[in-house]
Structure formats: C-alpha cells, structure tokens
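Step one of this worksheet: look at the structure below.
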There are 2 protein chains.
Amino acid sequence: MGLGLVAHLVRLGVLSSTSDHASVVSINLFVALLCACIVLGHLLEENRWVNESITALIIGLCTGVVILLTTKGKSSHILVFSEDLFFIYLLPPIIFNAGFQVKKKQFFRNFMTITLFGAVGTMISFFTISFGAISIFGRMNIGTLDVGDFLAIGAIFSATDSVCTLQVLNQDETPLLYSLVFGEGVVNDATSVVLFNALQNFDLNQIDVAVVLKFLGNFCYLFLSSTFLGVFAGLLSAYIIKKLYIGRHSTDREVALMMLMAYLSYMLAELLELSGILTVFFCGIVMSHYTWHNVTESSRVTTKHAFATLSFIAETFLFLYVGMDALDIEKWEFASDSPGKSICISSILLGLVLVGRAAFVFPLSFLSNLTKKTPLEKITWRQQIVIWWAGLMRGAVSIALAYNKFTRSGHTQLHGNAIMITSTITVVLFSTMVFGMMTKPLIQFLLPASSNTVPSEPSSPKSLHSPLLTSMQGSDLENATASIVRPSSLRMLLSKPTHTVHYYWRKFDDALMRPMFGGRGFVPFSPGSPTEHTGR
Amino acid sequence: MGLGLVAHLVRLGVLSSTSDHASVVSINLFVALLCACIVLGHLLEENRWVNESITALIIGLCTGVVILLTTKGKSSHILVFSEDLFFIYLLPPIIFNAGFQVKKKQFFRNFMTITLFGAVGTMISFFTISFGAISIFGRMNIGTLDVGDFLAIGAIFSATDSVCTLQVLNQDETPLLYSLVFGEGVVNDATSVVLFNALQNFDLNQIDVAVVLKFLGNFCYLFLSSTFLGVFAGLLSAYIIKKLYIGRHSTDREVALMMLMAYLSYMLAELLELSGILTVFFCGIVMSHYTWHNVTESSRVTTKHAFATLSFIAETFLFLYVGMDALDIEKWEFASDSPGKSICISSILLGLVLVGRAAFVFPLSFLSNLTKKTPLEKITWRQQIVIWWAGLMRGAVSIALAYNKFTRSGHTQLHGNAIMITSTITVVLFSTMVFGMMTKPLIQFLLPASSNTVPSEPSSPKSLHSPLLTSMQGSDLENATASIVRPSSLRMLLSKPTHTVHYYWRKFDDALMRPMFGGRGFVPFSPGSPTEHTGR
C-alpha cells in the first residue's frame, strides 16, 4: 500500500476520480493517522504521562518529519493551518459536547467563581502579558511591532486550551477542579476571542475612559447576547421536538435536528458577531437539560455517544494537525537566522504565561474563598496550584489568533511577524507537551485522596462515559437538598446566594419551563415508540 | 433575524469572526434550510405524493427563486455545485449506510439478479441511450458534439439515483423489490462512473475488439478489487476492535474507529482509482456482519442511528443543493435563446431514459425468471413495471458527471455544452419530481397486497428503524432453512445454486470467519462493560 501510494504521488497523471488528487491524498493520510492515533491512544491508556492529545501531537510531529524527509525539505504541511477549518468545523463539536456532557449542578454551583476566573482572570492575564511584552520586547530588536501587536500578543497568550484541559482532568475524580478549570476555559476562550476582535477594531492611538467603558459594555453585551442565543436555540429545539414529537416517526430526524440546531446556533452567533463558543456551550447545556429528555430512548444513547465521538475525532484531528503544521519549513526560515533570539523570546513568553496566570488564580481564589462560609467549599492551596497549572497549556485558539494577527495583515514577510508565529508554535508545543505531561503526576502528588479512586475504576477516561446519567442522579440529590434547605428570607439569599438562586430556579423550572419545553419527568412515556425496543 | 441578516449582507464590513463572511452566510442558510426540510418532511410524512427528497428539492428551488429576486437576477446559487463536495463528503455516508442497513439475506439471495441488472443492464441502457443520442441529436443543430460526447451522454443518463430509490421504496413492505432496485442502483452507480471514466481515458477513434476486451477486463478488475478492498477494510476494523477490545475503554473510540475506517476505505479506493461506491458499500455490509457485533451495546445503538442520521442529512443536503443549483442563471443564458430546442432535447433525453431502462428490465427479468423454479421466486409482470419505474429517476451522480464532462473540458462557453448542462438539470428535476411523486401511488396501485401493510404501521419511513434487528431475526430463520434444505450433491447446486452457495458460506463463516473476526454469538458477553448499563 505504501509503495502504491508513493507510485501514485509520482505519476499524478490522469485520474479516474473526479476530485483533486492532492486533497484525496491528504484526506487519506489524515484519516489513516486518525485511526493510528485512536489505536495508539487506546494502547497508551494506562500510561500516566502520555494522554491522547500528546499522542496525537507526537504522531503529527513524526509525520511532519517523514514528509519533510520525503519531499527533501520542501514542505511538511499537507494542509496549511486554516482558521476556517478550526473555527467552523473543529471547535463547534468540541465545545458543544463539553456543554452537553458537563455536570450542570457543579457548573452552576460554581458559576460565579467560573465567571470571575474566565472573564476577570483573563483580563488580568491579558494586561500582565501585554505589559510584560511591551516592557521586555520593546527593548529588544525584533522588528516593527507596535502597541497593537503587543496587546494582541496579550490576547493570544491569554487563551488557555480548554480541549487539552478536558483530557488532563477527570470529571468524576475531581469534579470541583474540573468544573472550575474547564468552565473557566470556555469563558476564557470567549473572552480572548472577544478581546482580540475588540483590539482589531478599536483605534488604539487614543485610549481614554470612554473607549474603555465602551469596550466593557461591548464585552457584557457579547457575553449576555451570546448566552441568550444559545439558550434560545436549545429551548427552540426542545419545543419543536416536544410539540411535533418527531420520535414517533424517526430517531434519525431527532438526532439530525439536534445536531443541526446546535450548529446553527454557533454559526448564527458567528454571523451576528457574537461569541459562537459561548453560544454553543449554553446551547449544549440547555439541550441536555430539556431536549435530551424529549427524544426516544435510542436517540438519547445515540446523541450522547455521537456527540462525544464527533468531539473526540475533532480533538484528535486538531492535535494531529497542530503537530504536522508545526514543522512547516517556511515559518522557520526567519527563526533559523537567529536561533538564540527565537529561544529567548519563546522562553520570555512562557514565563509571562506562567506569571500572568499566577497573577489572577491566587488573588481571585482568595476573593472567592471570602464569600464561602464552610471550609469544604473553599478552594484549598493545593487546588489553587492545580488550577494554575492545568490552565497553562496554550492550544489551537492561540495558534489561530496568531495566524490571524501576524499573517493576514499583509506584511507576512516581516521579521517581527515571522518570529511571533514561530514563538507561538513553540509555546503551544512546549506547554502542551511538557506542562501537559506533568499535569497528571502533579495532580496525583498534590491531591492523592482523589486520585485513590483511579485504580478502582482503571479506565474511565475523559469522563465521556456516563456524565448525563450522573447528572440525572445528581438532580435527584439536588431536589432532596433543596427541600431540606427551604430558604425563607433575604438573609438566606445573602448567606447562601447560590443555593437560594438554585432553589428558585428549580421552582421556576418545574412550574413553567419543563411543562413547556419538556425535560425529565415531563414527557409522557410512549410504549409505542418505534425504536423503543430496538434501543436496548 | 431576517432583517439583521440583510443588514449584514449590506454592510459586509469588518468582521468579528475570523472566517470568510460569505461562507458563514451560506452555511447558516444551508443549515437553517436543512432544519426546515426535516420539520416539513416530518409534517408531510403521511402525504402519499411527496417524499423527503421532493420536499428538499422544492425548498431548494424556492430558496433559489428568493435569492434570484433578492439579488435581482444576478446569482441564485450560494454554493456552486462542486463534484468534490458530492463525491468526497456527501456520497460516502449515504452509500455506507445503505450497505450497513441493507438486509443482507435478501441482498445475497438476489445477488446474481442484482449484478445482472446493475452491470449488464446499465451497459444495455448505456448503448441504447448513446445510439439514440447519436442518431437523433446528430441530425439536429446543437453545436459541436462528437462521438465521445454522445457516449458520455449515454453514461451520464444511465446512472440511476439510488438515493431517491431509498426514499421511494420501503424495505419492510416490498423487500424483494427494494433489494433488487436498490442493489441494482449501487452496482449501477459504480458501473456508470467506471464507464464514464473509461470513456474519458480511452481513445475512441479506434474502437476494435481489443479495446472492448480491455475495457471489459478493466471493468471486472475494478469490480473485484473494489469489493475486495471494502471487505478487507471491514474485516480489519472487526479484527482490531475484537483484538484490542476497545469497548472496554470507550464507546466513542469504537464508533470513531468504525466511521474512520469506513471513510478510509472509500478514500483509498478513490486514491487507487477504484470505485469508492462499491468499496464503501461492501465495507458497510462486512461491518454490519462482523464489527457491529464486537462493540458494546451502546456503540451498536449509536452506530446504527448515527450512520443513518449522517446519511439522512447528506441526502437532504444533496436534494436541497441540487434544487438551489438548478436556478443558477448563468447556465440558462444559452438555453433561453432557444427555449423550444431546450425543451425538445430534454424530452428526447427523458424518452431515451425511459426506453433505455425498458430495454434491459424486461428482457433481463425474463432471463432471471428462467433460472427460478418456483413461481413465488419469479419477478411478476407488475413487479417488473415497478422496477422499471423506480429506477427512472436521475440524480446527483448524473449532474456531477455532466458537470465533469461539459464544464471542465475547457470549452464551457460552447453552445452544445451549455445546452447539455441545462438538459441534464431539467431531466433530473423532472424525473425526480414527476416520476418520484408518481412512484408511491403506482406501487399502491400495482401491488395493493403489499401496500395493505402501510396503514397498519403508518410511519416507518425509509426503513431506517430496525433493519439490523430484522436481519438478525432473518439470520435465525436462515439457519433453520439451511438445516432443512441440507444439500447433498452437485444436482442441488445446479437446481438451487444460491441456496447452496449460501449454505457453504454459512459453514465457512461459522468455522473460520466468526471465530477470527467476531460476529453474532462469537463475542463473549462482558458484564463489566462500562457503558453496558447506560446503553439503555
């Protein structure tokens, strides 16, 4: 097969296929590598150092080397990293699935902390990295970078990699940390993208209070309207499926409608210049709360696993892609002129990332702990270190933003731009591989109690197995605690704000939302459902 | 929302999104239309005239009109019909799902008849249409078309629309007809594509016996090697999943691996210049026979419905797309100069399609009936009419081939080429809408006995519900008949060849294949499977 492939690459003659030959070759290669990643990832499951994303990254790098050697240094990338591919096709299924499978109770219980970390924290990190870059790089001779470029660097390196976080932390073992770090990651992604776009549009030569206020207003508007759009799309899908009761006819229609509505919400948000990431995340949450309960039994199993599978494929593809793209020779031509300077800049950026994250995790955790009464709810010192560490990885969002900033502007061949691209890739690779590899052992070292559960259930990785089931059991518990708490006054709201909000939300949900949009216990069981008996 | 969209289309200014604005708009439109098609298709379910594909086609046409009016006649197509999109992304899931869900027993029992119809029949149809085109169009003044063009027309209009067939016939109501017409459709697609490509490559100026023999040899090679590749990919996936027992770890890995291996088989076939359609079809059959039984319970439900859903979305998208593309104004400029001639040519082509199909369905049915002993197995006169009628629809394969032939060759602006494109679109639209609409009533009129079952189970469309389950029950029956028949001699093989081959195949399957590749009853039940209890 290998020989045949090479022979094919050589002749490249008249084709029986109607499509472009090069794209057929690259699709073949990518799909074959994806299969290899899945099988290898399975074999390396028990390994404590390597996770699936690192496997994919390494396979991507190796493939890059092989192609580099085969084509004699001409080109290592088969597909050039395309932002469209990333933002339009790969990111939506990953984030949607995260929303769909997240433990809603944990997420909303920590909602304030998550928003604090994701929005305020990212801002702090952005300012730290930006000012660090201005003060350090400003004194170095690295080409023509202006204030806008330095602020963009701040936004680029404030974007944590929520995909990699999913791989490193385990929802079942460390639920609090998972919901904090991952929830923060989603809000952070949105914040970074919003920040980055705002920087592109604002005139940076005249920064005054009005501009800052306008920026903050813009940010709040984006946050609220994106969330609203996601919730609306989720509720609409629930309503349509409940009213038409599509499951009576076809499981496939239900599944198709859920997929398409979720994707539509993302694309609509992009069209309306909102944050698609936030929209599709909340759409996933609403769909798992309402829509998922309105469909047939087999649709539930199918959606749960099909969404997880699509997300899994997209993640693996992403890391493979970043790995292969990293070796693209053109990018490194400038960097190879002055390797010392490249390494220096990458190290400085890594240092800034470390400092920028520390600058908000510890102060904000302290603030968050002030509002909590019981010691159990507080974020311990060790947990803070894990939160700090687990969010250090930089990923595809950073690369996509860096490409957007430093290759699109029309002056690609400039020294400063080229060096920023290579530095971004270096930071992403280093942080994902080195920080990523050290996260699992670090958690086991710092939080041994929770890691004790690992051997008993050796192989439930990435919490994709039964989160919905668990969240259902969780909501039973929730009902129980809600009836025990029984708040009666404003004092209650002040002392336990989250719980009280939650209690009234449940009342509202049961009285108004569920009867209208369906949800657990509010959809009549239909024994005649055509797929009901085949769904087992 | 509509206003905002229009406002957006107007300003088209700086974009918050990082991707191309036009593609975001068109993706939004397409996804929204897909949702509309699904909901409308559900509401029109009970209608005897309209099926899902016709709904999608009409919605596509209406959208085309709206865009035509909005842009004041400038452009009606948002995405230009791209063969790559069709052959690389839309066709594989449809054909794979068809193989995955097909009733294997019915299919293999009628294997000889299907191959006869699909291969020999398509050849007959090809020659009939080609010679008809040469003798009629040769006398008309429709631009510079040579023999190669006429032969290409024969190949283009011999490709039936297997996707539409799936929508019109019902696997549960008319299993024999479904397996014959649909099986023929798959082999026919492959034959047409092979024929078409062979015509492109062969030098048509010197046709002699050697060329014809070479052509036939080429065809057999393609048929066999494509089938082999598909079977190999299916068995490989079964072996990998059985050996590694991936389900122990993750349902998502299994599902991902099945999807990717199937797609890889298609793309490999395209790369090796084989017929991807045949390959992925047989890959689907092998996967449903072996791999499907090796995975966890939840993987089974997921794959069954996820593949059906993907296929369903691809089908709907395809018809929507063809409908929208049909109104592209540029194509009609030539035709509008001489509307009479356009209508005349389209009518002649439709007539040739009718005659070309009649020319092989009735004679080959007669031949096939000669080999059958019992009257029950014979294809009745009424069934022959249904087979003839149900295969009259022309679809996306025809359009894709016509685009390949008449727009790629470099002389797009020629009168003859333009008129061939518009005629192809006319034939496809007319045959799908008119012939498609009349098929359901025709079947109910000609075969009232089988259609009696329709009211009792009013809404199990397109047989996507429980085909695998049914095929499992079918294979129990099969075992029973095999033990009753108990063939003992060569006489048996001659009198009931299919049954005997089937008996020995089962023996081989049970003794060698299933122990190696898994399959029903050959995979140990694992109670500890992590997803086992959530799979219900």
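A note on names: the letters A, B, ... follow the listed sequences, proteins ahead of strands, and every chain is numbered from 1.
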Inset, instruction - For B:Leu268 and A:Asn28, work out which heavy atoms get closest and say how close. - result: N-OD1, 3.1 Å
Legend entry - Partners meeting ring pair (Phe, Tyr, Trp, His ring centres under 6.0 Å) with B:Tyr266 (sequence neighbours left out): none
Inset, instruction - Please look at B:Leu264 and chain A and tell me whether the side chain, the backbone, both or neither of the residue comes under 4.5 angstrom of a heavy atom of that chain. - result: both
Inset, instruction - First locate atom CD1 of A:Ile38, then atom CE of B:Met259, and finally report the distance between them rounded to the nearest 0.5 Å. - result: 10.5 Å
Legend entry - Part of A:Leu260 lying under 4.5 Å from any heavy atom of chain B: both
Inset, instruction - Keeping the roles fixed (side chain from B:His305, backbone from A:Val255), state whether a donor-acceptor pair exists under 3.5 Å. - result: no
Legend entry - Listed partners of B:Thr303 passing side chain to side chain donor-acceptor pair (under 3.5 Å), at least two apart: B:Trp292
Inset, instruction - Output the distance between atom NE2 (A:His42) and atom CD1 (B:Ile240), rounded to the nearest 0.5 Å. - result: 11.0 Å
Inset, instruction - Drop me the distance from B:Leu43's CG to A:Leu244's CG, to the nearest 0.5 angstrom. - result: 5.5 Å
Legend entry - Expected output: side-chain A:Asp252 to main-chain B:Ala308 donor-acceptor under 3.5 Å: no
Legend entry - Check: A:Ile27 and B:Tyr263 side chains under 4.5 Å, non-hydrogen atoms: yes
Inset, instruction - Under 4.5 Å, counting heavy-atom pairs only, tell me which of A:Ser237, A:Ala256, A:Gly276, A:Ala306 racks up the most with chain B. - result: A:Ala256
Inset, instruction - Nearest 0.5 Å please: distance from the CZ atom of A:Arg253 over to the CD1 atom of B:Ile313. - result: 12.0 Å
